[in-house]
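In what follows, chains are A, B, ... by sequence order, proteins preceding strands, each numbered from 1.
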Number of protein chains: 2
Amino acid sequence: MTLKLDKVNRGPHLSTLVASSISREIAQGRLMPGDQLPTEQQLAQTFGVSRNVVREAIARLRSEGRIWSQQGRGAFVADQPNATTLTIDYEALQQAAAFQSLFELRGILEVEAAALAAKRRTGDDLMTMKDALVTMRDAPYGSVMWLKTDLEFHKTVAAATGNLYMVQFLTFVSERVRESILASGNQQRSEDLAAVTLGEHQRILDAIEAGDGDKARDAMRAHLHGAANRVGLAGEQSE
Amino acid sequence: MTLKLDKVNRGPHLSTLVASSISREIAQGRLMPGDQLPTEQQLAQTFGVSRNVVREAIARLRSEGRIWSQQGRGAFVADQPNATTLTIDYEALQQAAAFQSLFELRGILEVEAAALAAKRRTGDDLMTMKDALVTMRDAPYGSVMWLKTDLEFHKTVAAATGNLYMVQFLTFVSERVRESILASGNQQRSEDLAAVTLGEHQRILDAIEAGDGDKARDAMRAHLHGAANRVGLAGEQSE
DNA sequence: ACTTACATGGTTATCATACAACACTGGTCT
DNA sequence: AGACCAGTGTTGTATGATAACCATGTAAGT
């Protein structure tokens with residue numbers, strides 16, 4: 001029997017819950033930039049935890065740039081929410097709308113990355129992509145090796161753009177998407193899908209190799225559209 | 001005298017120092033992925049702080065995905081460093097290649113955002129954009145008010161996509177770009193540029209109002225191309 | 001031999017309290 | 001009015017204690 005246990009034992013840490021709670025207050029506008037947060041004592045009381053836990057939560061929010069605090073005065077909501085880091089709340093992603101938004105964002109980046117890659121790819125890039133496809137062909141659909149190689153293919157496309165931040169952003173977004181998909185756990189397995197997916201990848205590679213940006217864009221768009229269906233994101237209206 | 005003080009008043013917080021210190025250990029490879037950190041007691045002793053401070057530092061590192069901890073076992077260095085946050089190093093952006101990459105990334109997002117906004121914008125969105133253009137028209141080119149309104153216009157376009165993360169990502173990227181431009185300080189001032197820039201904005205707005213995605217895409221692309229020239233980023237080959 | 005139950009030590013998670021450092025307010029004194 | 005000063009509230013830090021949990025070893029039971 002294949003037991004399916006929860007992937008992550010979603011942080012039982014109280015400080016995480018408190019931080020998410022405050023974070024939500026800010027996101028939903030109940031705490032406006034510049035506003036002063038309740039005192040640590042009050043927060044501890046309202047949440048029913050010790051002041052210590054509240055402090056850990058605040059330390060976290062401070063590091064994320066969402067709030068700032070000064071000894072003797074208090075803690076305040078930061079004017080520009082995201083100072084130097086960009087954070088995606090895991091809990092928020094459980095909601096369908098958020099997931100769909102993130103998926104769309106990933107689509108935009110991947111599609112344009114494919115187009116840029118077609119223009120700028122080097123011989124080494126092509127080699128790496130081909131290797132990835134070969135490895136994927138031998139791996140069973142949905143296996144760890146398959147997923148890993150799939151990720152590597154896309155990462156190579158991103159790297160082939162020559163854009164230093166494309167890889168960083170795309171892996172970041174893709175990771176979040178992948179987590180959500182795994183968490184929802186509604187992926188089908190089939191031999192046919194393997195062939196279909198491989199074909200999509202192959203077309204992307206062909207277009208990139210040919211240096212045809214528009215074709216690469218279309219191929220990547222088709223691939224992502226197919227992936228969305230495979231995951232169960234049907235309600236997607238493209239232009 | 002214009003005093004130029006350190007941008008960030010490097011948090012006097014002890015927890016920040018401890019977190020940075022541990023973070024450095026990880027970055028420099030003295031703590032490898034999977035390694036177990038010293039116990040909180042030991043860390044508190046070696047750093048000469050209370051265990052409470054160590055815990056706040058660990059809470060921060062945990063939220064950054066650098067380490068994970070489990071009750072009864074200990075704290076360990078995470079395998080994949082970037083779990084939930086995305087960071088862009090400020091120093092790295094000083095290099096031209098990095099800046100150009102980020103500018104390109106922003107372009108991709110803005111252009112597609114404009115196209116999506118043309119399809120999905122509401123009446124309120126159009127109102128906000130129009131207000132922004134009026135305000136910008138009255139503000140002197142390059143003034144604080146002008147920059148602020150410019151930012152708001154773009155943010156409204158991003159919001160009009162209905163994509164929950166478009167605003168977040170775009171403001172994040174734009175902020176980094178803006179910082180770099182301000183730091184380099186090579187922007188020209190002129191009355192003509194004000195009119196040109198306003199015209200570009202107007203064309204974007206018109207396309208969005210008309211619901212013409214392709215036109216909005218082109219208008220935004222033209223605007224960014226113009227902005228690149230104004231900032232002195234000439235070497236940009238679009239397909 | 002193998003499994004189960006229990007005991008023990010070590011670690012994190014949380015709580016509670018106390019004190020120090022700092023900001024703000026209001027009154028007093030000059 | 002302006003300077004000084006005490007008082008109060010808040011964050012920052014320290015300290016000790018307790019609960020929950022993991023890992024390991026050992027004894028009891030099968």
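- Residue B:Glu40 contributes atom CD, which lies 14 Å from atom C1' of D:dA20 at whole-angstrom precision.
- In the set D:dT11, D:dA14, C:dA13, the nucleotide with an atom closest to the side chain of B:Ser50 is D:dA14.
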**Message:** Set out, in order, the CA-CA distance, both residues' side-chain angles and the distance that settles side chain to side chain donor-acceptor pair (under 3.5 Å) for B:Thr161 and B:Arg120, then state yes or no.
**Reply:** CA-CA 6 Å; B:Thr161 63; B:Arg120 304 182 186 159; 5.4 Å; no
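- When the side-chain nitrogen and oxygen atoms of B:Arg73 are compared with OP1 and OP2 of D:dA23, one or more of them lie within a distance under 4.0 Å.
- Comparing C:dC15, D:dA19, D:dG12 by their closest approach to the side chain of A:Gln71 singles out D:dG12.
- At whole-Å resolution of the value, CD in B:Gln45 and P in D:dG16 are 12 Å apart.
- Between B:Ala75 and A:Gly48, the one whose closest nucleotide on DNA chain C sits nearer the 5' end is B:Ala75.
- In this structure, B:Trp68 atom CH2 and D:dC21 atom P are separated by 16 Å, rounded to whole Å.
- Within the 4.0 Å cut-off from OP1 or OP2 of D:dA14, not a single side-chain nitrogen or oxygen of B:Arg55 is found.
- Within 4.0 Å of B:Gln41, counting heavy atoms only, lies no atom of the nucleic acid at all.
- The CG atom of A:Leu43 sits 8 Å away from the P atom of D:dT11 (whole-angstrom rounding).
- At the phosphate of C:dA23, OP1 or OP2 sits under 4.0 Å from a side-chain N or O atom of A:Gln70.
- With rounding to whole Å, B:Asn52 atom CG is found 14 Å from C:dA16 atom P.
- Remark: P of C:dT14 and NE2 of A:His13 are 7 Å apart, rounded to the nearest angstrom.
- For A:Arg51 and D:dT15, the CZ to P distance is 16 Å, given to the nearest whole Å.
- Using a 4.5 Å heavy-atom threshold, the side chains of B:Glu64 and B:Arg60 count as touching.
- Listed nucleotides: C:dA13, D:dT11, D:dT13. Nearest to the side chain of B:Val53: D:dT13.
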**Request:** Go through A:Asp125 and A:Thr128 one step at a time and tell me if the side chain to side chain donor-acceptor pair (under 3.5 Å) criterion holds.
**Result:** CA-CA 5 Å; A:Asp125 294 329; A:Thr128 310; 5.5 Å; no
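- A sub-4.0 Å separation between OP1 or OP2 of D:dG12 and a side-chain N or O of A:Ser69 is present.
- B:Lys148 has no carboxylate O lying under 4.0 Å from a charged side-chain N of B:Glu152, or vice versa, which leaves the two without a salt bridge.
- Side-chain contact between A:Met145 and A:Met136: absent, with no pair of heavy atoms (C-beta onward) separated by less than 4.5 Å.
- Rounded to whole angstrom, the span from the CG atom of A:Leu37 across to the C1' atom of D:dT11 amounts to 13 Å.
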